[in-house]
Amino acid sequence: MKLVLASQNKKKLVEMNDILSHLGVEVCSEAEAGVDVEVEETGTTFEENSLLKAKAVMEASGLPAIADDSGLCVDCLNGAPGVYSARYGGEGLSDEQRCRLLLENMRGQMTRAAKFVSVITCCFPNGDVLTARGECPGTIAYAPMGESGFGYDPVFFVPELKRTFAQLSAGEKNAISHRGKALEAFKEKLEEYLG
Ligand code: IMP
């Protein structure tokens, strides 16, 4: 079965295929499905934005579409950047600049608890919708560490492993990450749905 990923993020595509290929599911990009959908993420929750993206790509492609809406929620910033993680500090910033801005906004904060959240939504052309959520708790490091991954990976520290997400291999990250957990939950729902 083929699912179109409602995202331009190539790293998300790889992470999804790593996890869902075991089910005989292939996740392809919008480009491979011949669509290029610009979705305005107007929702205020991960659930709303995830549904907006999956529905728009399903409607444009006529194929089942899967979306991940994810972000980093920091306790001492009242859950920010949250659903605005990709746009934190404005559209023009690089991942590195966003990490630096986050550290700047947390300067002097001793309470550094945070979590990554991912909500996966899959919309089928017959109107059916499957949703799954995953969370990964951690803390925000005092300085970026590591080179792997993307986004806020260099500043997201996992106390149990004593490393940031950017210091983990793809396999190690998938095993504990918000997206890994959401995809595992989604995989179970999809297995049940497909019978
Ligand atoms: P989305 O593509 O609208 O869901 O935006 C998600 C944003 O949250 C990304 O652009 C990253 O900034 C951040 N994010 C989500 N998942 C991860 C992750 O696994 N590592 C690092 N940053 C992430």
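Ligands are counted one by one from 1 in listed order, and the atoms in each one are counted from 1 as well.
- Counting only heavy atoms of the protein, atom 14 (N) of ligand 1 lies nearest to Phe116 CE2, 3.8 Å.
- The shell of residues lying under 4.0 angstrom from ligand 1, judged by heavy atoms, excludes Leu72.
- Judged by the shortest distance from any of its heavy atoms, Asn9 lies outside the 4.0 Å radius around the atoms of ligand 1.
- The proximity of Arg87 to ligand 1, defined as any non-hydrogen pair under 4.0 Å, does not occur for either the backbone or the side chain.
- The number of heavy-atom neighbours closer than 6.0 Å to NZ of Lys187, taken from other residues, nucleotides and ligands shown, is above 12.
- Residue nearest to atom 7 (C) of ligand 1, selected from Ser70, Cys99, Ser7, Gly151: Ser70 (by heavy-atom distance).
- The aromatic ring centroids of Phe157 and Phe165 lie 6.0 Å or more from each other.
- In this structure, CG in Asn9 is found 12.0 Å from OG in Ser29, a value given to the nearest 0.5 Å.
- At the shortest separation from atom 19 (O) of ligand 1 among protein heavy atoms lies Lys173 NZ, 2.8 Å.
- Within the structure, ligand 1 lacks Glu15 among the residues with a heavy atom less than 4.0 angstrom away.
- Counting heavy atoms closer than 4.0 Å to ligand 1, residue Tyr88 contributes nothing at all.
- Distances from atom 9 (C) of ligand 1 to the heavy atoms of Ala166, Ala86, Ser118 put Ala86 nearest.
- For atom 20 (N) of ligand 1, the nearest non-hydrogen atom from the set Asp153, Asn174, Leu93 belongs to Asp153.
- Within the structure, the closest approach of Ser177 to ligand 1 does not fall below 4.0 Å when heavy atoms are considered.
- The salt bridge (Lys or Arg N to Asp or Glu O under 4.0 Å) with Asp68 is formed by just one residue from the set Lys11, Arg133, Lys12; it is Lys12.
- Close to ligand 1: Tyr152, with a non-hydrogen atom less than 4.0 angstrom away.
- Of all the heavy atoms of Arg98, none lies under 4.0 Å from any atom of ligand 1, so neither backbone nor side chain is involved.
- Looking only at protein heavy atoms, the nearest one to atom 2 (O) of ligand 1 is Lys12 NZ, 2.8 Å.
- The aromatic rings of Phe116 and Tyr152 sit tilted relative to each other, their planes meeting at an angle between 30° and 60°.
- Nearest to atom 16 (N) of ligand 1 among the protein's heavy atoms is Arg179 NH2, 2.7 Å.
- Relative to the six-membered ring of Tyr142, Arg112 meets both conditions, a distance below 6.0 Å and an angle of at most 45° to the axis.
- Remark: Asp128 CG is packed, more than 12 non-hydrogen atoms of other residues, nucleotides or ligands lying under 6.0 Å away.
- Contact of the Val39 side chain with the Lys55 side chain is not registered, since no non-hydrogen atoms from C-beta on lie closer than 4.5 Å.
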